[in-house]
Structure formats: structure tokens, C-alpha cells
There are 2 protein chains.
Amino acid sequence: MGFEFAPRTLSLLSHAETICAGRGVRLTDLRRQVLGLIVQSEAPTGAYELLDRLRATRHNAAPPTIYRTLDFLLENGLVHRLERLAAFVPCIAHDHPREQAHEPGCENPGHAAQFLICRRCKRVVEIADPALADALAEAAGRAGFTLGQTTIEAEGICAACDAAGK
Amino acid sequence: MGFEFAPRTLSLLSHAETICAGRGVRLTDLRRQVLGLIVQSEAPTGAYELLDRLRATRHNAAPPTIYRTLDFLLENGLVHRLERLAAFVPCIAHDHPREQAHEPGCENPGHAAQFLICRRCKRVVEIADPALADALAEAAGRAGFTLGQTTIEAEGICAACDAAGK
DNA sequence: GCCGCGTTGTTCCAATGTAGCATCCATGAC
DNA sequence: GTCATGGATGCTACATTGGAACAACGCGGC
């Protein structure tokens, strides 16, 4: 390896290392580097922007390079994809290292998360509100629906921008 | 006009006519026809599939034709876009013709809705659960976030498929 | 060594969405 | 009726996002 990362990035990367080791999958240089790029970003980042940044050090990266790597990171719950933006953010739920119970046959390895996307500064807040997840589960249940993966995203104005910008 | 539509389609279309009249916008032949195509579909429909179907009667339709029309239908709350599928479904909330309170400056003319997407039959159930919307509003409020448009979509297995397919 | 399989490289292509400008047409003023 | 206006549509080209298929590499165990 040998890439220059900030402390917070290194912390999340070492956590990712632990996750991957526990799952028996390999966090290769490429995957670590892409995860680093995502963690370093202030705002959600598109696949092709990640590809451009990746090419600074990996000259021959192509679209499949970045998409396969993103698939890996998504499958292992290390990043999230924001559907409204077609962009990616790191999963920060590991900051609270309470592990997920992992029943077999569950095709959703990541935790359920919700996102607040500021339309002004473009930053994203990841929340993990059990009441919200429960409300969706209950509504689905009333409709006789067996729940798989869920997408909860809201666009709006974050507290900082609300205070700053009039 | 003069297109052949089923009764349910005609009902939603006439309702759309009312909505547009109330808002002072024009439900043209093109817009009515595209809305009809969406309402007739059993499952969410992509923009390019709608374009193909539209070309059966409107030979010179091009991508901007369908996207501009979809923008109109979205802005006026007549259809929804499913982010996970990049596909469109009719808005059926008008079946309960309780009108939305419409404060000025609100950039979200449509109602907040939630969607359950069956991965087996590809059909979609639109729900409008106030408890769910409230839970999201409350979680956003706790984060100091001013809420705009929201996206709540879940993938899973619908009741019919769960009963039928073992 | 060398085999096997996961990972990566490489090319091409599919699907989705938009910019910009020309043209048409319904509507209202006169 | 005529004309001006602004919204709606036609049309070309392009941008963005994502994936299929196959070759080549490389680390593991044997």
C-alpha cells in the first residue's frame, strides 16, 4: 500500500480490515484505496469521479474496475449507495461497534440506514433510527409484505446551512 | 385524443384532468397519452420503454419528449419515480380524493408516499402511512434538518407472491 | 513447481438522462 | 382577423451511469 490517509480515514480503514477478516474476504489494495477515496470525500461521490481520482495512482483503471470494487464494498457493508444521487458514502455505523446479528440466509449484510442529504452543502448525515426502521417494517407487515432491503433518503437543509445561510 | 383506455385508466385520467385544471396547467394529448401508458402498466416502467410504446402512435418521439413529459407529470404529482428502479408508476393517492393543503413556497407539490417493490412479480404497492412520514420528520428534526422531498422504498416479497410461490 | 480460483485488466456496449436550439401552436390583445 | 407571446413539441447530438464478456494476473494451498 503506502497511500497517505488522514487519521479518521485510517481508523475506518482498520475497522474495515477487521470486518473483512471476520467475513473471510480480502480487502485488497484496490479496495482499500477506493474505500479511502470515499471516506476522504466531504460529500457523496459518483462512480466516475472516484474513477478519475483512482487514476491518479492507478493509470489503467476502467469503469468495471470501480464498479466491481464498489459492489464489493456494498456487499460487505462498508459503503452505502445513495439512490437519489447515484453516489456513494462511507458507512459510519461501525463507529458504534455494536455488531449486527447475522441470521443465515439474510441477503442484506449491511445495516438499515437512513440519509439526510443537504441540498445546499451536499453533505450527508447518516442516521440509524430504530423507530423509523420499525415504522417501515410495521407498515410493510400490514400490507402483507416481507421486507428486504430498504431505502430511506430525504433531501433538505442541514442544521449548519440553515444557521449560516439566511 | 382518441386512444383506447380501460375504465380504470379513464378514471385516473379524468382525475388528472381535474388536478391540472385546478393548478392552471395543461394536460395535453402527449401528456395524457404518456400518463395513460404508465397507468396501464402492471409494473413500474422505464423511460425508454415508455418511449418505445409512445412511438407506436407518435412516430417521431425522442428521449427529450418522454423526459419532459415525465417531468411535467412528476411536478404535478400525477406519477412517482422509483429511485431504485429508475422507473415510473402512477400516483394513486388521488383515489382518496382528500386534497393536499398547499402552503405557498412548498416545492413539493406531490404528497409523500412510500413504496413496496416485489422482487418476484415486480409490482409495486404505494402506501401513504402518516406514522412513517412522521417518524422520518421527527428523526430529521432531531438532527436539525429541514425536510424537503423524501424517498422511502423497500424491496421484498408481496403477499400474493409469498402465498403462491413456496 | 503448478494448479485453482479470486482478483484485476481491457474492450466494447447498454441504459438512462440532458443541452441547446428550431419550430409549432394555443391563447389573448388589439 | 392579425399579430405577438409564451408554452409545448421536434430534433440532433451528447453526457452520465452501469454492465457483459473474456483475457491475464497472482496469491493460496498442495
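So you know, we letter chains A, B, ... as the sequences are listed, proteins then strands, and number each from 1. Source: prediction; values computed, not measured.
Nucleotide dT17(D) holds its P atom 14 Å from the CD atom of Glu83(B), rounded to whole Å. Taking atom CZ of Arg55(B) as the reference point, atom P of dT9(D) lies 16 Å away to the nearest angstrom. Between the CG atom of Leu54(B) and the P atom of dT9(D) there is a distance of 11 Å, rounded to whole Å. If you measure from atom CG of Leu51(A) to atom C1' of dT17(D), you get 12 Å, rounded to the nearest angstrom. Between the C1' atom of dT5(D) and the CZ atom of Arg26(B) lies a distance of 13 Å, rounded to the nearest Å. Rounded to whole angstrom, the span from the OH atom of Tyr67(B) across to the C1' atom of dC14(D) amounts to 14 Å. Rounded to whole Å, atom C1' of dT9(D) lies 16 Å from atom NE2 of His59(B). Taking atom CG of residue Asp52(A) and atom C1' of nucleotide dA15(D), one finds them 14 Å apart after rounding to whole Å.
In summary, of the residues considered (Leu70(B), Thr69(B), Asn76(B)), a side-chain contact (heavy atoms from CB on, under 4.5 Å) with Phe72(B) occurs for Asn76(B) alone.
For Thr18(A), the side-chain contact (heavy atoms from CB on, under 4.5 Å) test picks out no residue, with sequence neighbours left out.
Side-chain contact annotation: Arg58(A) with Thr65(A), donor-acceptor N/O pair under 3.5 Å absent. A donor-acceptor pair shorter than 3.5 Å cannot be found between the side chains of Glu83(B) and Thr151(A).
Between Arg32(A) and Asp29(A) there is a salt bridge, with a side-chain nitrogen of the basic residue lying less than 4.0 Å from a carboxylate oxygen of the acidic one.
Comparing Leu30(B) and Asp71(A), the nucleotide of DNA chain D nearest to each residue sits closer to the 5' end for Leu30(B). Mapping Pro64(B) and Thr69(A) onto DNA chain C via the closest heavy atom, the residue that lands nearer the 5' end is Thr69(A). Ranked by how close their nearest DNA chain D nucleotide is to the 5' end, Arg31(B) and Pro63(B) are led by Arg31(B).
The local environment of CD in Glu126(A) is crowded, with over 12 non-hydrogen atoms from other residues, nucleotides or ligands closer than 6.0 Å.
Residue Asn60(B) has no polar side-chain atom (N or O) positioned under 4.0 Å from OP1 or OP2 of dT9(D).
Here chain A contacts DNA chain C (any atom closer than 4.0 Å to a heavy atom, that is under 4.0 Å), and the contacts span dT7(C) to dT11(C) from 5' to 3'.
Residue Arg68(B) is classed as a base contact, given a heavy-atom separation below 4.0 Å to a base.
A distance cut-off of 5.5 Å between ring centres, combined with a plane angle under 30°, leaves Tyr48(A) outside any stacking arrangement with the base of dT16(D).
For the atom pair Cys161(B) SG and Arg123(B) CZ, the distance stands at 7.0 Å (nearest 0.5 Å).
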